Amino acid sequence: MGTSSRPIVLDGGAGPRAHAYPDVRPDEDLLAGLNPQQREAVTYRGQALLIVAGAGSGKTSVLTRRIASLLRNREAWPSQILAITFTNKAAGEMRERVEQLVGDTARGMWISTFHSACVRILRREAEQFGFTKAFTIYDSGDSRALIKRLVKEHEADAYGLTPAATQGKISKLKNELADAESYARSANMSDPAERVFVELFAAYQRELQRANAFDFDDLIAQTVFLFRAFPQVADVYRRRFRHVLVDEYQDTNHAQYSLIHELTRPIGSDAAPLAGAGGMMIFEPDPADDPDKAGASLTVVGDSDQSIYAFRGADIRNISEFERDFPGAKVVLLEQNYRSTQNILSAANAVISHNFDRKDKRLWTDVGEGERIIGFTGYSQHDEAQFVADEIEVLRKAGVDYSQMAVFYRTNSQSRALEEIFIRSAVPYKIMGGTKFYERAEIKDALAYLVAVANPADEMAMRRIINRPRRGIGDVTIETIARYAVDQQITFRDALANSSALGVGPKIQAAIAHLDAVLAEASALMLPPSGELAPPTAVAEGLQLLLSKSGYYDALRASKDAQDEARIENLDELVAVAREFARNNPEGTILDFLTEVALVSDADDLEDASGSVSLMTLHTAKGLEYDAVFVTGVEEDLIPHRISANEPGGPQEERRLFYVGITRARKRLYLSLAMTRAQFGEVTVAMPSRFLQEIPNELLHWRQSPGDVNSRGGTQSRALNARRQSGSGFGGSGSGGSGSRYGDDLVPLPRRAPGGSIDRFANKIPAKVRDNGDLELGPGDRIRHDDFGEGKVDAVTGEGAKRVAHVRFDTAGPKKLLIKIAPIEKL
DNA sequence: CCCCTGCTAATTTTT
DNA sequence: TTAGCAGGGG
């Protein structure tokens with residue numbers, strides 16, 4: 001492909017308008033339904049384009065149409081396009097939507113995350129700088145394990161260098177493209193802690209190199225180093241990618257920014273300066289001088305108001321200073337929102353406008369005001385959760401599908417209370433991005449087995465599996481093997497083959513020999529020596545082989561720990577993933593499989609529209625949208641989170657996070673909080689978030705305001721409020737208690753109607769969820785419920801642990817209960 | 001070497 | 001509250 005014919009460039013980048021062919025543009029249909037700004041974003045041609053895309057402004061649509069337009073107009077071959085997203089999910093979506101527009105042509109494009117794009121490049125070029133293409137990718141857990149070992153070896157704990165702190169610092173430095181050496185130059189080396197840190201950093205990097213491994217940050221940073229050290233390599237990619245598009249640009253860190261810069265540089269531009277002390281070289285020749293050497297065109301899309309990853313190195317300046325970085329860049333502003341009602345947008349605008357130092361941008365819509373935002377204050381997080389659950393049921397009855405509702409929270413730990421209530425209320429839910437499948441110990445073990453086969457240099461993987469399942473090999477033996485390997489100048493893996501030379505007991509020696517044999521057998525299956533291709537099923541079969549013959553499966557089966565049953569299921573799931581992978585990638589090798597697995601995240605859970613409510617953190621929510629959104633825990637110290645107070649720019653980032661949450665909602669938005677919140681056993685008093693005050697009163701309707709909960713009792717809400725008389729305490733909100741200041745100025749809105757739900761909500765959740773086992777219930781049975789009293793079973797639906805009883809209570813009315821855990825007994 | 005117990009410490013966000 | 005770890009007994 002791509003023989004002699006260069007793509008025909010229509011409009012030569014001469015201007016934003018395609019005025020030459022107003023009626024016959026081959027991409028005319030792509031522009032249908034776009035507003036003028038969106039059109040401009042699709043059709044503008046030039047070196048650099050920044051699309052400032054507010055929440056819900058149709059940026060994905062614009063980006064995909066822009067790509068389609070380039071292809072349709074024959075301005076680019078698919079292979080010349082590099083589109084970079086932040087998540088695999090976003091990449092998948094983009095590819096799908098481009099395919100819809102241009103069909104199979106989309107195949108040759110690189111649409112991927114930063115990380116997978118870099119892996120592709122690194123696999124190809126690894127040999128250039130001391131790695132092999134079989135390198136392993138260390139996720140943060142792997143690198144933590146390694147750092148932990150090094151911290152111990154260096155006794156760095158004494159200097160306050162905990163594994164976590166060390167890892168964080170190294171990561172930060174790598175995102176700034178620093179290495180141990182360059183850091184040492186700028187650090188205060190008279191501080192012993194700094195010296196130890198530098199030593200740790202260097203040792204860590206040595207270990208990675210020795211293991212033929214890159215950590216997450218290295219994938220980006222090392223690619224940049226590669227491009228800088230080998231300009232002719234960089235030029236290969238510069239020549240190839242003529243159009244670079246980056247999504248979520250506000251989330252890029254310095255390393256990613258540099259990578260984009262390297263890729264879009266004029267071809268051949270940095271070969272000389274790097275080589276020589278000459279100093280007379282022209283660094284960046286004006287692309288206009290020589291069209292063949294011009295850098296790729298760059299399109300970035302982003303919204304600085306949605307930058308929520310500064311904590312891990314995202315630099316908002318990358319986007320706010322784009323025009324300075326790329327002189328002559330065109331900026332298109334997308335402000336029309338196609339997602340939310342005006343009330344929701346007004347609230348979002350009001351909140352975000354409190355951030356100073358931002359370019360003004362106001363989202364608007366033409367769909368109308370919509371419902372008011374609903375606020376609710378619970379006495380406890382359980383009370384709050386009950387409100388959410390009840391409201392979800394109301395919406396459900398009104399015809400809103402569960403899959404169109406979402407509940408957000410700031411910290412993962414908040415999901416617990418919600419889950420408890422949801423289970424008891426039989427609200428189907430799904431936690432997005434909780435404990436991740438690929439971080440489970442058994443999955444990591446299984447993958448370590450695969451790594452041990454694919455990359456024998458990876459000692460970390462070997463250390464992980466050598467005593468899993470238990471083989472009687474402990475620290476002493478491991479160190480014996482490691483020392484032997486060093487002495488013989490062979491890898492840890494190869495040392496296993498000489499088990500008889502290790503000088504260990506016969507039992508242990510046999511165990512080592514067995515493991516060695518299993519690994520060798522799997523290796524023969526998955527990596528045929530003669531160079532022929534392994535069959536597509538090799539990975540799945542090899543994995544099975546490893547798990548069976550190593551005794552891993554047997555050990556789990558023999559265990560009486562109930563959790564181990566689930567572990568077997570997880571492993572079966574992993575084998576299924578491997579099969580699926582083989583189906584999708586007939587040519588896929590064990591390396592490809594490991595790469596994919598290392599780079600997927602929970603965010604890639606396709607949102608399984610199987611009718612459940614989605615629960616997730618505010619961070620996870622970015623990029624998603626739902627008809628109804630509940631933002632919970634809108635309290636001081638939660639959002640804004642307490643830790644953010646000390647970080648520069650922290651409170652502003654928290655506000656953006658809240659803004660992101662608000663703007664996920666299409667039609668209905670709920671903001672809820674609790675007056676008390678139990679964290680690690682202790683009950684603490686929570687205060688309404690300052691962000692609530694930033695929402696204009698007329699947009700927010702309180703079902704139960706903080707004043708309702710607090711005006712009479714300050715902190716001891718529960719007991720007092722349980723029997724509150726309707727209408728009392730009105731206007732007297734200044735009366736004592738630490739909460740009064742909120743009662744006064746934060747909650748001027750009308751109180752909830754008298755006779756409301758206080759008794760219903762208060763204090764009804766016992767500390768522990770119980771287990772009724774296989775309690776048999778059928779229609780007609782009478783039961784007693786701890787809270788609801790007696791009632792009659794109307795029907796039983798569902799199966800196994802998810803059996804639900806539909807009960808009509810004598811006083812409390814109809815309820816749905818999960819039989820397994822509801823506090824009920826049969827009468 | 002393995003397992004258990006009792007203690008401590010840590011609770012933000014994650015490609 | 002709980003997860004994870006160190007230290008001691010088997």
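None of the values given here were measured: they were computed from a predicted structure. A, B, ... follow the sequence lines: proteins, then strands. Residue 1 opens every chain.
Scanning all heavy atoms of the two residues, the minimum distance from A/Ser143 to A/Asp215 falls at CB-CB, 4.5 Å. The two atoms that bring A/Ala178 and A/Phe201 nearest to each other are O-CZ, 4.0 Å, heavy atoms only. Considering every non-hydrogen atom in both A/Pro469 and A/Ala555, the closest pair reads CB-CB, 3.7 Å. Contact between A/Thr632 and A/Leu418 at its shortest, heavy atoms only, is OG1-CD1, 4.3 Å.
Heavy atoms of A/Ser413 sit nowhere under 4.0 angstrom from any nucleic acid atom. Backbone-only contact: A/Asn467 has heavy atoms under 4.0 Å from sugar-phosphate atoms and none from a base. When heavy atoms are screened at a 4.0 angstrom cut-off, A/Arg470 is found touching the sugar-phosphate backbone but no base atom. Within 4.0 Å of A/His641, counting heavy atoms only, lie sugar-phosphate atoms of the nucleic acid but no base atom. A/Ser644 comes within 4.0 angstrom of nothing in the nucleic acid, heavy atoms only. Among the protein residues, A/Lys148 comes within range of the sugar-phosphate backbone only, with heavy atoms under 4.0 Å from sugar or phosphate atoms but none that close to a base.
Checked against B/dT15, B/dC1, B/dT14, the side chain of A/Thr620 finds its nearest nucleotide in B/dT14. Comparing atom distances between the A/Arg416 side chain and each of B/dT13, B/dC1, C/dT2 picks out C/dT2 as nearest. With C/dA3, B/dC1, B/dT13 as the choices, the nucleotide that has an atom nearest any side-chain atom of A/Phe311 turns out to be B/dT13.
Projected onto DNA chain B by closest heavy-atom contact, A/Glu653 and A/Ile478 fall at different nucleotides, the more 5' of which corresponds to A/Ile478.
In this entry the distance linking CG of A/Asp217 with P of B/dT14 reads 16 Å, nearest Å. In this structure, CZ of A/Arg656 is placed 13 Å from C1' of B/dT13, rounded to the nearest angstrom. Protein atom CE of A/Met616 is 20 Å distant from nucleotide atom P of B/dT12, rounded to whole Å. Atom NZ of A/Lys507 and atom C1' of B/dC2 are 12 Å apart (whole Å). The CD atom of A/Glu654 sits 11 Å away from the P atom of B/dT13 (whole-angstrom rounding). One atom, CG of A/Asp142, and another, C1' of B/dT14, lie 15 Å apart when rounded to the nearest Å. Note: CG (A/Leu657) to C1' (B/dT14) measures 13 Å, nearest angstrom. A/Tyr138 has its OH atom 24 Å from the P atom of B/dT14, to the nearest Å.
A/Phe311 has its ring centre less than 6.0 Å from the ring centre of A/His619.
A sub-4.0 Å separation between OP1 or OP2 of B/dT14 and a side-chain N or O of A/Thr617 is present.
Stacking annotation: A/Tyr309 is not stacked on the base of B/dT13 (requires ring centroids less than 5.5 angstrom apart and an interplanar angle below 30 degrees).
A salt bridge does not link A/Arg464 with A/Asp142: none of the charged nitrogens is closer than 4.0 Å to a carboxylate oxygen.
The base of B/dT13 is not paired with the side chain of A/Arg312 by any donor and acceptor separated by under 3.5 Å. Donor-acceptor pairing under 3.5 Å, judged by distance alone, is absent between the side chain of A/His619 and the base of B/dT14.
A gap of 23 Å separates the C1' atoms of B/dT12 and C/dC5, to the nearest Å.
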